[in-house]
Amino acid sequence: MRAIWKREFQACFQSVIGWLFLAVTLAFYFLYYYVYSLSYGYPYISYSLNAIAFIFLVTVPVLTMRILAEERHAKTDQLILTAPVSVGKVVLGKYLALAAVFSAAMVCISLSPLLLGRFGTIPYMESYVAILGFWLYGLTCIAIGTFVSSLTESQVISAVLSFVFLFLGYMMDGITQTISSGGNFVTRILGCYNLTAGLDRLTNGQLDLTAVVYYISMIILFLFLTTQSIQKRRWSASRKKIGMGIFNIGFCAAAVAAVVIMNLIAGTLPTTLTNIDCTESKLYSITEDTKKILAALDQKVELYVIASETSKDEQLAATLQKYEELSDNIKVTYVDPAVSPNFYQKYTQERISGNSVIAVCSERSKVIDYSDVYETEVDYQTYTSQTTGYDAEGQLTSAIQYVTNEDMQTVYALTGHGESSVSGRFKESIEKMNLGLKDLNLLEADEIPKDCQLLLILGPASDFSEDDAQKVLNYLADGGKVFITTQYTTETMEQFQSILKAYGLELNNGMVIETNDGNYYQNPMYLLPDISYDTVTSEVSNEYVFVPYAQGLTQVQEQEDETVSYTELLTTSKQAFLKEDVQNMTSFEKEKGDVQGPFTIGISVADSKSQAQLMVYTSTMMFADDADRQVSGNNSALFASSVRNLAAETDTSNLIVIPVKPYTLESIVISQGTMIIIGFCSVIAVPILLAAVGIAIWMRRRKA
């Protein structure tokens, strides 16, 4: 078999076919690599691989058309039938030679993530799983082409039939949709020849073992069929021609059935066993928090998906399947809107999108609109929307907690003093904790409402009245919980300050300038503070939080009442100082009158006597989406943890927030000159060189 492999491998490169195969494959790949990764800055190799999946429809028929058809045309196939090695080994040797040619191209492709990694962060695991999927898909196409080549002695017919076979496998998804959008027995059978389904699963960031099994089984099946096709000619001269023919057909049918059954069984295995999440943000994994909630679930929860089985969102469906597998109390049901168009009206009067999910438990229900499953951002330069995050787990876990817990707590956000509003991811965090959010104007209320679990005071721009300040102090004295952020203002904030001073805190009116380059980003006012480890900061203690335009907070002489305790959460370095006259500052240099640090910019205060809790952060802007994006969601994680620790009575497990999982990494930035050099070498120079070598060898052998 080794001699056969060596002979066929050399034959590929002693003619123009092998060289052209490499040149065309690499040229198309690196063309899309140049566009997607180098030009647009996408760090995902899968974009380029998916884009060139069609290329096998042309290159594989040309590569495989001669491998067995030429033997039959030249009558040298008789040597195969009388060779001292088995027919199976002959077929395997020839196939491995073609596979080696293709693998040579894949080695070059495998280097592209390493090249891209020099210019930014690359999801290496995801990239190489995608390359594995593309390699297996290509090997399967070569096995099909080898089989077709064994059916005829004409290389042209072999190439045409291979194209037809591969085209059917490439288009099978569209063919089955045309036959039946809802799916039936026929489409399930035809779907077994969907060659690209496994590639799609392997290029979306998951090592899907069912896809790997599918491709390996298809390779083995078509090599087996190739062997049987050659064996049949050996039996054709036998007196038992009819009997042996029936045996051959029956054997092939049994092999096909065995492969179909094996893949159907593999498809029924739990995804927790067959799928390995290789994405950077673990898009397809379920967090430990959700697993704990599902393990403790003791009520039946129905998850109705407003979509048919064939029109469902595959990524969302995979997540829902994991929920079913993790709890016997979760049941997922797909409701076809074409069959039951008004089903959703049992639970909401608002119109919802297709693939929306309705969580139902007893009399409680919650709708997760499909638009909330994916986080999107608008590029105002191109006016296009881009998907940036996947929030299925966050929304589903929140909905399950909501429908199984009738006790809903309320958070009030103070208004009337120019306060900022809760928005974006920070508002989503409160909603995911199933906390009701209401506005509160103290001019319209005699006191803080009794049902107020947490009071938010977000960066007041004008001072409180004495009455307003007293209402807040009365609320705290009664065991209230208050979350405060501050912002710089030229106004005197005496009454607002009185709330802080009552708990031993003093706000220095000015802005912190950080001179330690390890504690700021780009601008000395863009702070990256030191984070003290605490239950509040545990999720971000080893990361960065971004605090722009912060004020300084100092702890005044401690009160005689020793029941009040302080926990510093965020602090500046000792090199930081405070600019009081921000309006007239001319530089970031320390001047006379500037107050030397360090400063506290995040603190938690607890009064064990009254059970009051106070959490203060000296930058309102840190809890805005723009700041949050700078540190990949760490600010919103800190906000959620702060709210959870304040709002929870004792157990915080009912206030879990699963953050949005980033869908893409940051774009890669490559200089124009470097991009042109890499593009020229990979897209033009290397393919032309390979093609030229092949043509030169072919012409030399032709003259000889």
Point to revise | Straight-line distance of I684 CD1 to L689 CG, nearest 0.5 Å | key: 13.5 Å
Practice item. Taking atom OH of Y44 as the centre, report whether more than 12 heavy atoms of other residues, nucleotides or ligands fall under 6.0 Å from it. Key: yes
Check your understanding: Counting only N and O atoms by type, is there a donor-acceptor contact under 3.5 Å from the side chain of T572 to the main-chain atoms of F599?
Key -> yes
Give every donor-acceptor pair under 3.5 Å between a side-chain atom in residues 193-202 and any protein atom, sequence neighbours left out.
unit_1 : atom_1 : unit_2 : atom_2 : d
Y193   : OH     : F165   : O      : 2.9
N194   : OD1    : T196   : N      : 3.3
N194   : OD1    : T196   : OG1    : 3.3
N194   : OD1    : A197   : N      : 3.3
R201   : NE     : D208   : OD2    : 2.8

**Study point:** Atom of S429, atom of V657 and distance for their closest heavy-atom approach
**Key:** O-CG2, 3.5 Å
Check your understanding: Is a side-chain donor-acceptor pair under 3.5 Å present for S46 with T203?
Key -> no
Check your understanding: Do L132 and L207 touch side chain to side chain, with heavy atoms closer than 4.5 Å?
Key -> yes
Check your understanding: Could you state the interatomic distance from OG (S149) to CD1 (I142), rounded to the nearest 0.5 Å?
Key -> 12.5 Å
Check your understanding: Short question: side chain of S37, backbone of Y34 - any donor-acceptor pair under 3.5 Å?
Key -> no
Point to revise | Spatial distance of atom CG (N204) from atom CD (E314) [nearest 0.5 Å] | key: 9.5 Å
Practice item. Indicate yes or no for a side-chain donor-acceptor contact from D289 to the backbone of I658 under 3.5 Å, with no hydrogens or angles considered. Key: no
Exercise for review: Apply side chain to side chain donor-acceptor pair (under 3.5 Å) to K574 and Q596, showing your working.
Suggested key: CA-CA 8 Å; K574 293 180 180 179; Q596 185 64 45; over 6 Å; no
Check your understanding: Which residue pairs pass the side-chain hydrogen bond (donor to acceptor under 3.5 Å, both in side chains) test with at least one member in residues 161-173, sequence neighbours excluded?
Key -> none
Point to revise | salt bridge (Lys or Arg N to Asp or Glu O under 4.0 Å) partners of residues 628-641, not counting sequence neighbours, each pair once | key: E377-R629, R425-D628, D626-R629
Review point. Taking side chain as C-beta onward, heavy atoms only, is E8 less than 4.5 Å from R66?
Key: yes
Review point. Between Y42 and Y32, does the ring centroid distance fall short of 6.0 Å?
Key: no
**Study point:** Expected output: side-chain D313 to main-chain L316 donor-acceptor under 3.5 Å
**Key:** yes
Review point. When you measure from the side chain of E393 to the backbone N and O of T287, does any donor-acceptor pair fall under 3.5 Å?
Key: yes
**Study point:** M622 vs P548 side-chain heavy atoms within contact, under 4.5 Å
**Key:** yes
**Study point:** Nearest-0.5 Å distance, CZ of residue F21 to CZ of residue F102
**Key:** 6.0 Å
Exercise for review: May I ask you to test the L63-I17 pair for a side-chain heavy-atom distance under 4.5 Å?
Suggested key: yes
Check your understanding: Heavy-atom count around M525 CE within 6.0 Å, excluding the residue itself: above 12?
Key -> yes
Check your understanding: Closest heavy-atom contact between G694 and V16?
Key -> C-CG2, 3.7 Å
**Study point:** Flag, side chain of Y533 to backbone of L569, donor-acceptor distance under 3.5 Å
**Key:** no
**Study point:** Stepwise side chain to side chain donor-acceptor pair (under 3.5 Å) check, E539 with S641
**Key:** CA-CA 8 Å; E539 294 181 36; S641 180; 4.7 Å; no
Check your understanding: Considering only heavy atoms from C-beta outward, does the side chain of Y526 approach that of F546 to under 4.5 Å?
Key -> yes
Review point. Within the side chain of W19, is there an N or O that forms a donor-acceptor pair under 3.5 Å with the backbone of F13?
Key: yes
**Study point:** Spacing of Y215 atom OH and Y137 atom OH [to the nearest 0.5 Å]
**Key:** 7.0 Å
Check your understanding: Quick check: are there more than 12 heavy atoms from other residues, nucleotides or ligands sitting under 6.0 Å from CZ of F167?
Key -> no
Check your understanding: Got a second to check how far F426's CZ is from S420's OG, nearest 0.5 Å?
Key -> 11.5 Å
**Study point:** Working for ring-ring contact (aromatic ring centres under 6.0 Å, His included), residues F134 and Y128
**Key:** CA-CA 10 Å; F134 189 77; Y128 284 104; over 10 Å; no
Exercise for review: Measure from the side-chain N and O atoms of T388 to the backbone N and O of E375, and report whether any donor-acceptor pair falls under 3.5 Å.
Suggested key: yes
Practice item. Going by the side chain to side chain contact (heavy atoms under 4.5 Å, CB included) test, name the single residue among T319, T279, I276 that passes it with Y284. Key: T279
**Study point:** K282 and D277: CA distance, side-chain angles, deciding distance, salt bridge (Lys or Arg N to Asp or Glu O under 4.0 Å) verdict
**Key:** CA-CA 6 Å; K282 298 302 177 186; D277 190 351; 5.2 Å; no
Check your understanding: Between W5 (side chain) and L96 (backbone), is there a donor-acceptor pair under 3.5 Å?
Key -> yes
Point to revise | Check: S573 main-chain N/O paired with E514 side-chain donor or acceptor under 3.5 Å | key: yes
Practice item. Give a yes-or-no answer on whether the side chains of D372 and Q395 include a donor-acceptor pair shorter than 3.5 Å. Key: no
Exercise for review: Check the pair T515 / Y520 against side chain to side chain donor-acceptor pair (under 3.5 Å), numbers first and verdict last.
Suggested key: CA-CA 8 Å; T515 60; Y520 71 88; over 6 Å; no
